[in-house]
Amino acid sequence: MLIARELTKRYGPRTAVEELSVTVAPGRVTGFLGPNGAGKSTTMRMFVGLTRPTSGAALVNGRPYEDLAWPAREVGALLDVAAAHPGRTARAHLRAKAHVCGLPRNRVDEVLAEVGLSEVADRRSGSYSLGMRQRLGVADALLADPGVLLFDEPVNGLDLDGVRWMRDLTRRLADEGRTVLVSSHLMSEMGQVADHLVVVGRGRLIADAPISEVISAWSRTHVVLRSPDAGRLRARLAREGVRIETGTGGDSAGEELRVFGPGVEEVGDRAYEEGVRVHGLRLEQASLEQAYLELTGESVEYGARTAPVTAVRTGADGAGRTAEEVES
Ligand SMILES: Nc1ncnc2c1ncn2[C@@H]1O[C@H](COP(=O)(O)OP(=O)(O)O)[C@@H](O)[C@H]1O
Ligand SMILES: [Mg+2]
């Protein structure tokens with residue numbers, strides 16, 4: 001179990017992590033999602049005592065890292081791919097750590113096999129590809145068989161097989177009852193691995209909810225309509241209080257409207273009632289990726305064109321609060 005309690009890290013005037021409160025539960029894969037610079041790595045580093053919080057607490061199994069009796073047996077982390085000395089072999093690197101942790105030597109062979117590095121274990125890690133170094137980092141994290149695992153952007157540099165392997169590994173570790181926190185800056189990737197999502201933007205918590213809830217809260221549909229007489233229909237829908245945006249697709253074929261709320265049939269019927277010619281009518285879904293970028297403040301352009309999306313937050317307080325409420 002990992003608990004962040006009003007966790008804050010400032011670097012001079014810059015706040016990397018701001019009052020982050022979140023509980024990462026065992027038995028499931030928790031995705032830690034946020035754009036580059038959102039504070040994911042800083043948060044993970046605070047959990048393993050590599051970065052000191054400015055205020056608040058980062059607890060592993062209820063204690064700060066430095067109070068853990070056998071830290072490597074409680075928490076393993078893949079944070080920095082370059083963590084192993086390039087002049088050392090993978091086997092030598094893991095043996096040194098096994099020695100420090102008081103683990104039997106055959107444990108090294110076990111984890112090497114587990115991450116698929118047995119064949120190349122006696123090569124210097126400096127000659128490894130990025131993907132192989134990632135695997136070595138995973139072997140290092142797993143070595144002392146900890147119940148809590150932190151993987152920071154683990155699929156960076158992995159090929160398709162590697163990505164699939166990482167996905168299966170995180171699933172298995174969670175199924176074994178471990179606490180598994182996996183970060184990524186890509187929403188698309190999280191959909192494949194995570195059961196639960198913690199989303200951060202600019203150091204702050206944006207959402208903390210099961211992935212299915214995040215998906216349903218972030219998925220919005222609207223009707224896109226193209227018409228040479230769009231003005232009349234727009235006036236009619238506006239009278240009914242329907243939110244409409246004028247799209248970018250206006251040309252000789254007419255204006256494009258984005259209609260939020262009513263479905264395709266309803267919009268088509270209104271057009272018919274008004275005697276408005278329609279040259280295109282379709283349902284459009286904002287992608288999760290778009291919603292995510294908008295929420296995390298990555299894409300100012302998209303954010304300016306549409307209203308903010310409601311984010312769910314069913315965290316420790318259990319209350320479903322919106323993004324704006326979390327913001328204030
Ligand atoms: N050692 C550091 N010194 C100064 N600023 C830092 C340091 N580490 C991270 N930051 C800043 O903190 C913010 C969060 O960084 P980071 O935790 O690496 O984000 P993420 O992992 O989500 O990409 C960024 O603005 C980054 O520039
Ligand atoms: Mg990072």
Side-chain angles (χ1 to χ4, degrees), residues 2-22 24 29-60 64-66 75-84 130-131 133-138 140-141 148-158 162-163 166 170 180-194 196-208 211 214 288-289 291-300 311 313 315 323 326-327:
L2 291 165
I3 296 175
R5 202 177 285 150
E6 292 174 25
L7 186 61
T8 300
K9 180 64 189 184
R10 291 196 195 91
Y11 291 106
R14 168 173 283 162
T15 304
V17 178
E18 191 167 9
E19 308 242 319
L20 183 69
S21 292
V22 70
V24 183
V29 178
T30 299
F32 194 19
L33 177 67
N36 288 324
K40 304 180 298 296
S41 297
T42 304
T43 301
M44 287 178 145
R45 292 173 62 83
M46 288 191 280
F47 276 122
V48 292
L50 291 170
T51 295
R52 179 179 286 277
T54 304
S55 60
L59 308 175
V60 177
Y65 185 83
E66 57 269 26
V75 56
L78 166 70
L79 295 179
D80 186 356
V81 256
L130 179 57
R133 276 181 282 150
Q134 289 286 58
R135 286 171 185 260
L136 176 54
V138 172
D140 183 299
V148 179
L149 289 149
L150 304 171
F151 295 134
D152 194 8
E153 307 259 1
V155 306
N156 278 0
L158 293 184
V163 171
M166 193 65 213
T170 48
V180 184
L181 184 65
V182 184
S183 78
S184 173
H185 61 283
L186 297 172
M187 177 73 205
S188 50
E189 208 170 276
M190 286 283 125
Q192 313 267 356
V193 298
H196 193 93
L197 273 190
V198 170
V199 187
V200 287
R202 296 174 180 150
R204 306 191 62 167
L205 184 68
I206 289 173
D208 174 6
I211 192 152
V214 173
L288 278 178
E289 207 74 41
Y292 157 61
L293 293 176
E294 187 182 328
L295 271 170
T296 51
E298 267 286 85
S299 169
V300 175
R313 181 177 187 277
V326 172
E327 201 67 48

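Quick note: residue numbers are just sequence positions, from 1. Since the structure is predicted, the reported quantities are computational estimates derived from the model, not experimental observations. All ligand and atom numbering here is 1-based and tracks the order in the structure.
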Working for side chain to side chain contact (heavy atoms under 4.5 Å, CB included), residues E189 and V163: CA-CA 10 Å; E189 208 170 276; V163 171; 5.8 Å; no
Pairing residues for R52 by the side-chain contact (heavy atoms from CB on, under 4.5 Å) criterion, not counting sequence neighbours: none
Side chain to side chain, H196 and V214, heavy atoms closer than 4.5 Å: no
Which pairs of N or O atoms, one from ligand 1 and one from the protein, are separated by less than 3.5 Å, and what is the distance for each pair?
| from | atom 1 | to | atom 2 | distance (Å) |
| --- | --- | --- | --- | --- |
| ligand 1 | 17 (O) | T42 | N | 2.9 |
| ligand 1 | 17 (O) | T42 | OG1 | 2.5 |
| ligand 1 | 19 (O) | G39 | N | 3.1 |
| ligand 1 | 21 (O) | S41 | N | 2.9 |
| ligand 1 | 21 (O) | S41 | OG | 2.8 |
| ligand 1 | 22 (O) | A38 | N | 3.1 |
| ligand 1 | 22 (O) | G39 | N | 2.9 |
| ligand 1 | 22 (O) | K40 | N | 2.8 |
| ligand 1 | 22 (O) | K40 | NZ | 2.8 |
| ligand 1 | 23 (O) | G37 | N | 2.6 |
| ligand 1 | 27 (O) | R14 | NH1 | 3.4 |

Verdict with supporting geometry, T42 and Y11, side chain to side chain contact (heavy atoms under 4.5 Å, CB included): CA-CA 11 Å; T42 304; Y11 291 106; 4.1 Å; yes
N/O/S from S41 sitting under 2.8 Å away from the Mg ion (ligand 2): yes
Donor-acceptor pair, side chain of E19 and main chain of L205, under 3.5 angstrom: no
L150 vs L2, side chain to side chain contact (heavy atoms under 4.5 Å, CB included): CA-CA, chis, key distance, verdict: CA-CA 10 Å; L150 304 171; L2 291 165; 3.3 Å; yes
